[in-house]
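A short worksheet on the structure shown next.
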Amino acid sequence: MGSDLQEAIKQLLALIDQVEEPLRSSFQNMHQGYPTETLIRFLKAREWSVPKAHKMLVDCLNWRIQNEIDNILAKPIIPRDLYRTVRDSQLIGLSGYSKEGLPVFAIGVGLSTFDKASVHYYVQSHIQINEYRDRIVLPATTRKHGRHIGTCIKILDMTGLKFSALSQIKLLTAISTVDDLNYPEKTDTYFIVNVPYIFSACWKVVKPLLQERTRKKVQVLQGSGRDELLKIMDYASLPHFCTREGSGSSRYSSSGSSDCYSLDHTFHQELYDYINQQSLIQQLPKPIKQGSFHVDVPEPDPQDTKIFATIESELQKIGDANGTTI
């Protein structure tokens with residue numbers, strides 16, 4: 001660790017030590033015993049500028065307090081049938097771990113419909129998975145490997161991506177904004193698989209807009225990416241859509257490997273049970289039947305707004321060129 005970085009960490013820590021309760025408690029809940037590594041994430045996200053990283057972190061802590069994020073794992077989405085519909089239309093799951101111990105999250109970008117519940121449920125569900133990852137999954141793999149593991153790997157399946165994805169831009173922007181501003185630098189690498197033409201066309205115009213550190217994290221793989229992914233993880237940790245040798249995918253692989261998106265998968269069962277147990281322990285007021293837990297989405301970074309506007313424009317152009325109504 002260079003002297004400049006050490007000085008930046010020292011300065012940022014001194015600033016954070018001055019914040020009042022309950023921001024300090026929320027910071028402790030966030031860093032899970034690794035304050036230095038957390039400060040480095042925010043510094044990296046703001047190009048090592050201490051003032052900018054300080055503002056970002058304080059804004060994040062205020063967001064956590066104002067939206068009761070520290071208690072979000074005690075706020076179940078009820079009833080269970082509603083939560084199942086969220087899981088069936090917001091495809092994400094923990095498929096396993098890399099050889100280095102990083103959690104591997106699979107995301108069905110192309111097949112997620114986000115049309116079974118209000119936007120608030122999808123944002124709530126996404127944040128709950130983030131918090132469960134940071135408070136339960138990452139500390140567990142850290143203990144197992146005897147060294148700090150604070151990031152994950154994400155494998156994005158583009159199977160089924162269509163022009164109609166334009167209708168999801170608003171929701172995806174909200175989720176991306178929550179991650180960028182409040183969970184920065186939590187993903188080590190994004191692997192993108194089963195890529196159709198529509199993604200390739202959008203990627204060509206979006207890639208130059210990304211910051212260099214983000215571009216370096218993104219790897220677009222050929223077909224299902226199976227062979228490349230097996231270099232960093234065992235076969236058992238591959239998402240079901242990566243178990244084929246060629247391109248193409250489905251929600252269920254031909255080999256019969258489990259669908260990590262499903263509420264019946266071990267990860268989602270443990271997450272669901274944990275949230276319900278925490279609700280009973282903390283005895284927080286339960287929401288009205290099917291009442292969602294509203295989280296304020298921060299204003300996106302202007303550069304992120306530009307990126308999503310570019311995606312929207314490119315999708316529109318592709319749709320127009322193909323005579324497709326969006």
Side-chain angles (χ1 to χ4, degrees), residues 22 25-33 63-97 103-108 112-144 149-150 152 154 171 174-175 178-179 182-183 186 237 239-240 251 258-297:
S25 294
S26 189
F27 180 60
Q28 292 176 345
N29 197 37
M30 185 200 303
H31 68 59
Q32 292 290 311
W63 174 81
R64 294 181 67 88
I65 298 301
Q66 292 163 8
N67 292 280
E68 302 180 15
I69 302 300
D70 291 317
N71 289 327
I72 199 169
L73 289 179
K75 298 179 182 290
I77 295 176
I78 58 173
R80 185 183 179 91
D81 287 346
L82 174 61
Y83 185 61
R84 183 178 290 277
T85 63
V86 170
R87 289 276 58 81
D88 287 343
S89 53
Q90 183 184 33
L91 304 181
I92 182 172
L94 177 67
S95 66
Y97 294 82
V104 177
F105 283 90
I107 303 173
S112 291
T113 58
F114 299 104
D115 61 351
K116 304 299 182 184
S118 75
V119 61
H120 303 291
Y121 288 114
Y122 291 116
V123 173
Q124 176 183 352
S125 170
H126 179 80
I127 294 174
Q128 286 178 330
I129 291 176
N130 279 357
E131 290 292 315
Y132 188 77
R133 174 198 65 196
D134 294 350
R135 299 192 219 174
I136 305 298
V137 176
L138 288 172
T141 194
T142 289
R143 291 191 296 271
K144 178 180 178 180
I149 297 176
C152 66
K154 291 182 180 178
L171 173 58
I175 288 175
V178 165
D179 283 353
N182 300 293
Y183 301 92
K186 294 298 293 187
S237 290
H240 54 279
R251 285 209 54 177
S258 66
D259 175 4
C260 63
Y261 299 148
S262 172
L263 178 58
D264 299 320
H265 189 272
T266 301
F267 167 72
H268 283 297
Q269 284 293 304
E270 291 176 351
L271 169 61
Y272 184 84
D273 290 344
Y274 181 85
I275 291 174
N276 280 284
Q277 289 168 6
Q278 291 300 306
S279 177
L280 293 174
I281 292 171
Q282 297 190 30
Q283 295 183 329
L284 296 175
K286 288 191 175 182
I288 301 171
K289 183 180 180 181
Q290 296 195 6
S292 60
F293 176 70
H294 291 209
V295 175
D296 294 330
V297 177

Kindly compute the distance separating CZ (R80) from CG (L263), expressed to the nearest 0.5 Å.
4.5 Å
N-O pairing of D264 and R84 below 4.0 Å:
yes
Of the options D296, D134, D70, which is the one that meets R64 in a salt bridge (charged side-chain N to carboxylate O under 4.0 Å, His left out)?
D70
Nearest 0.5 angstrom please: Y272 OH to R87 CZ, how far?
12.0 Å
Name all residues meeting the salt bridge (Lys or Arg N to Asp or Glu O under 4.0 Å) criterion together with R135; count only those two or more places apart in sequence or in a different chain, and write none if there are none.
E131
Less than 3.5 Å apart, any donor N or O on the side chain of S89 or Y122 sitting next to an acceptor on the other?
yes
Backbone N or O of I275 within a donor-acceptor pair of the S279 side chain at under 3.5 Å?
no
Which of parallel (below 30°), tilted (30 to 60°) and perpendicular (above 60°) describes H294 and H120?
parallel
Any side-chain to backbone donor/acceptor pair from E68 onto I65? Under 3.5 Å, distance only.
no
Atom pair CD/NZ of Q278 and K75 - distance to nearest 0.5 Å:
12.5 Å
Kindly compute the distance separating NE2 (H31) from OG (S26), expressed to the nearest 0.5 Å.
10.0 Å
With no hydrogens and no angle check, is any side-chain donor or acceptor of K154 less than 3.5 Å from a backbone partner on V104?
no
The reported gap from CG in N276 to CG in L271 (rounded to nearest 0.5 angstrom) is 9.5 Å
Let me see the working for V297 and I175 under side chain to side chain contact (heavy atoms under 4.5 Å, CB included), right down to the final yes or no.
CA-CA 8 Å; V297 177; I175 288 175; over 6 Å; no
Please check if the side chain of N67 supplies one atom and the backbone of I69 the other of a donor-acceptor pair under 3.5 Å.
no
Check: Q128 side chain, I72 main-chain N or O, donor-acceptor pair, under 3.5 Å:
yes
Yes or no on side chain to side chain contact (heavy atoms under 4.5 Å, CB included) for Y183 and I127, after CA distance, side-chain angles and deciding distance?
CA-CA 10 Å; Y183 301 92; I127 294 174; 3.5 Å; yes
Report yes or no: does S125 contribute a side-chain atom to a donor-acceptor pair with the main-chain N or O of Y121 at less than 3.5 Å?
no
Give, for atom OG of S95 and atom NE2 of H265, the distance between the pair rounded to the nearest 0.5 Å.
7.5 Å
